[in-house]
Number of protein chains: 2
Amino acid sequence: KYNGKLLGGLLADGFDETACASRYSSFLYRKISLHKPSSYLISRLRSYEDLHKRCGPNTQSYNKALEQLKSGKKIMGLTDCNYIVWISFSGLGNRILSLASTFLYALLTNRVLLVDQGKDMADLFCEPFPDKSWLLPRDFPLIDQFDSLNQNSPNCHGNMLKNNITTMSPSLFLIPSFETELSKLFPEKATVFHHLGRYLFHPSNHVWGLITRYYRTYLAKADERIGIQIRIFDSRRGPFKHVMDQILSCTLKEKLLPAVDMQDSVVNPSENAKLKAVLVTSLLSGYSEDLRNMYWEHPTMTGEVVGVYQPSHEEFQQTEKQMHNRKAWAEMYLLSLTDVLVTSAWSTFGYVAQGLGGLRPWILYKTENDTARVRLYQLVKGEVDPHSELLLVTFQFSGHSIDAQISLLSTSLTNSVLDIFFELGEGWKQLLIIWTRVSFFFSLNSSS
Amino acid sequence: KYNGKLLGGLLADGFDETACASRYSSFLYRKISLHKPSSYLISRLRSYEDLHKRCGPNTQSYNKALEQLKSGKKIMGLTDCNYIVWISFSGLGNRILSLASTFLYALLTNRVLLVDQGKDMADLFCEPFPDKSWLLPRDFPLIDQFDSLNQNSPNCHGNMLKNNITTMSPSLFLIPSFETELSKLFPEKATVFHHLGRYLFHPSNHVWGLITRYYRTYLAKADERIGIQIRIFDSRRGPFKHVMDQILSCTLKEKLLPAVDMQDSVVNPSENAKLKAVLVTSLLSGYSEDLRNMYWEHPTMTGEVVGVYQPSHEEFQQTEKQMHNRKAWAEMYLLSLTDVLVTSAWSTFGYVAQGLGGLRPWILYKTENDTARVRLYQLVKGEVDPHSELLLVTFQFSGHSIDAQISLLSTSLTNSVLDIFFELGEGWKQLLIIWTRVSFFFSLNSSS
Ligand SMILES: Nc1nc2c(ncn2[C@@H]2O[C@H](COP(=O)(O)OP(=O)(O)O)[C@@H](O)[C@H]2O)c(=O)[nH]1
Ligand SMILES: Nc1nc2c(ncn2[C@@H]2O[C@H](COP(=O)(O)OP(=O)(O)O)[C@@H](O)[C@H]2O)c(=O)[nH]1
């Protein structure tokens with residue numbers, strides 16, 4: 001029998017429900033996932049939890065490992081606790097994905113994941129593991145150096161190469177050695193982040209309040225919920241109208257939203273007209289206002305009525321502000337509760353939403369040098385050809401199938417390859433690639 | 001048995017329903033009015049309709065009257081058709097009130113009401129009378145001069161004093177002669193505009209589409225609907241924060257809106273939490289955004305969830321634009337569909353909403369020279385003392401009763417006296433005063 005509250009066994013039982021209201025009530029806001037976690041994954045998570053309990057902060061093992069790190073000398077008689085520390089940085093979507101990626105690596109290598117709390121990790125997320133925190137204690141010796149690390153300073157690993165800390169450089173080419181284990185953990189490749197994300201990321205009570213209030217107020221009564229995430233990386237305001245036109249023509253063409261009747265021939269919406277709620281997230285308010293006006297000013301061809309909602313429009317990224325990040329997290333989560341999701345390519349904000357929701361998203365695509373060109377497609381197939389080292393993909397665009405080849409060697413993991421892995425749902429590949437690309441880490445070997 | 005479709009007999013039967021969808025379906029969106037039209041009013045409306053049919057545009061009588069007007073000579077053998085022409089001007093609330101006022105005068109004096117269509121009267125309203133239009137034909141001789149008339153040119157009546165057109169100057173002091181008739185028509189004094197407004201003003205199909213779509217999309221599913229109309233006459237942006245604070249503290253104190261819990265102690269809204277929808281209308285978006293954020297960021301003390309909606313924010317009055325006026329009319333009407341209404345003093349926009357809805361509004365009060373001072377009160381009593389010519393009023397403010405005296409002679413019908421009549425619900429007085437103050441009119445005597 002499926003246990004909704006524990007997401008089919010993904011979550012451990014026995015947590016305090018008042019400290020983290022979201023953990024055991026998120027299932028009330030979602031359809032039951034089509035993707036069941038494998039029983040092997042479940043047993044590996046339970047044994048990870050045991051390991052974390054044995055080695056986590058302020059345990060005897062942790063304290064001894066710390067001692068060794070400070071003194072620079074090996075200490076005999078240690079247990080087999082190995083650590084990997086994830087360092088907080090960047091936007092929230094990037095943080096969530098890289099943290100999941102780091103956890104996956106920890107799972108594969110039997111390491112204990114510790115999390116740099118940065119400014120607001122504890123404010124945004126509940127503890128995911130029973131009994132012992134995942135937060136790196138604030139008195140950790142090297143903590144002052146974390147701030148100077150960020151994704152734009154490729155040499156920062158060098159700084160960390162002291163004491164017993166070893167940095168690792170796993171790469172795409174390491175993946176084959178994990179392949180057997182990965183396919184046991186995740187028989188459905190596309191679901192890696194779907195499972196790990198729901199396992200790890202429980203909104204804090206503050207954020208859960210934002211999510212549930214918004215959902216209950218604006219989304220719950222709709223017959224269908226459509227999420228549209230609009231992330232424009234271009235800081236110029238120029239492309240607004242063009243982007244809007246593209247979003248509209250794409251979503252209408254794919255019948256994600258009903259067309260409007262510019263002749264206004266229908267006056268009264270019919271008694272049992274379906275109500276659709278469109279949740280728009282964007283840093284700007286213009287897109288949702290245009291959409292809301294369109295569905296106010298004109299009836300739809302289908303007789304449906306369409307409400308358009310946008311929780312915030314923060315105008316620009318402000319990762320240092322507490323409420324800003326709470327809202328960003330709430331919005332990602334709300335997007336994940338929709339029935340149909342349209343996200344922007346290249347945005348981890350949207351990836352997190354689709355991953356948590358287990359949704360197959362429609363992607364608003366932008367080309368590298370021209371943010372104004374937006375189109376909607378769905379990737380349907382993709383394989384790495386081991387002989388040619390080519391990534392062979394097929395995507396569908398307005399009913400047409402298009403094949404493409406991308407060289408893995410020459411592009412050396414550019415954003416676009418990362419992007420394609422995402423869209424292919426090549427879950428574990430995508431996660432391991434992210435980990436090597438955007439997260440800073442080191443491990444602390446207490447035995448050896 | 002109460003006939004909902006005909007509003008208890010107020011409306012005549014037999015109109016074409018497709019030409020004006022609102023006429024016979026408005027009752028679906030409102031509770032049954034607590035105020036029944038008197039059977040005397042109903043019979044007078046039916047005989048007005050007969051008169052209008054006999055004398056309206058392009059009838060034999062109308063053509064003869066026109067002939068007389070053009071030639072300047074009396075023509076023998078005319079019927080007893082007398083006309084009063086209302087001239088389109090100003091904002092929509094002012095138009096609606098002055099038109100109702102002019103119709104009341106027509107009813108009292110057995111005149112036929114004709115309406116200058118201006119730019120958009122036909123676009124906004126259905127025909128209210130069966131068979132014959134209320135619109136003044138565009139070939140009416142003096143129509144070119146209407147444009148030069150407006151409420152700020154007090155001498156304009158002079159221009160009209162030619163041919164057979166007689167201008168009238170009824171004033172407050174005329175009222176006693178109508179008093180018997182008025183109390184037969186409207187035994188409940190406060191309901192004059194409630195009845196006449198619902199009788200005369202049926203949104204055109206375009207506007208009805210705006211109303212019903214908005215209602216169905218954003219308001220229908222709420223357990224309670226609260227309307228807040230915020231009209232700030234000060235063009236400076238200064239008072240924003242102060243006005244917001246006042247609106248909040250007033251509506252919370254009077255328990256029109258639930259207070260929020262700044263400690264965020266409640267996380268999950270309860271399963272059967274009541275849903276309140278707040279409809280804000282304002283030229284600016286700031287007030288509703290602040291309110292919406294407040295109820296998103298914090299739970300309410302009562303456990304209710306509160307959604308905040310604002311259909312448009314046009315930034316400034318743009319009476320010349322067609323869609324602008326359609327939206328203004330739709331918003332007035334939507335306000336009239338709420339269960340609890342807070343309106344701004346001095347604004348006919350809000351008066352129309354409360355009148356159509358038959359609501360007893362809470363008024364956001366501003367003093368004449370200081371738009372920043374806003375408070376909320378309800379007038380509970382008011383009488384004209386015939387000996388002293390004083391208006392004696394009692395109003396309630398935060399639980400206290402306050403008595404005040406206002407001299408009718410010295411203030412000679414300033415806005416504030418007008419305002420007080422409104423709030424007292426002294427319906428017929430208020431309407432006749434408006435008529436003399438803000439509407440331009442003349443009558444066309446075809447007999448004499
Ligand atoms: N609230 C909110 N914040 C956004 C939105 N889009 C971008 N942001 C902010 O910008 C950051 C973007 O960084 P990230 O989440 O890593 O996503 P990415 O840059 O799109 O991959 C978010 O974390 C937010 O702080 C949005 O739609 N809503
Ligand atoms: N759509 C909309 N228009 C408004 C609002 N407040 C004022 N206006 C515009 O300003 C005009 C105000 O004139 P009027 O309706 O006569 O009301 P008053 O000036 O408040 O007595 C309206 O007719 C609208 O054109 C509002 O809340 N919504």
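Chain A is the first sequence line, chain B the second, and so forth, proteins listed ahead of strands; every chain is numbered from 1.
- Residues meeting the side-chain hydrogen bond (donor to acceptor under 3.5 Å, both in side chains) test with A/Asn3, sequence neighbours left out: none.
- When each of B/Tyr309, B/Tyr218, B/Trp296 is tested with A/Tyr218 by the rule ring-ring contact (aromatic ring centres under 6.0 Å, His included), just one qualifies, namely B/Tyr309.
- Here B/Met323 is the residue among B/Met323, B/Glu304, B/Lys276 with the most heavy-atom pairs under 4.5 Å with chain A.
- Of the listed residues (A/Tyr214, A/Tyr295, A/Tyr215), the one with the most heavy-atom contacts under 4.5 Å to chain B is A/Tyr214.
- Put simply, the side chain of A/Thr217 reaches to within 4.5 Å of the side chain of B/Leu275, judged on heavy atoms.
- Both the backbone and the side chain of B/Leu210 come within less than 4.5 Å of a heavy atom of chain A.
- Side-chain atoms of B/Arg213 do not come within 3.5 Å of backbone N or O of A/Val305 as any donor-acceptor pair.
- Heavy-atom distances place the side chain of A/Glu289, and not its backbone, under 4.5 Å from chain B.
- For B/Ala330, the part sitting under 4.5 Å from any heavy atom of chain A is the side chain, from C-beta outward, and nothing else.
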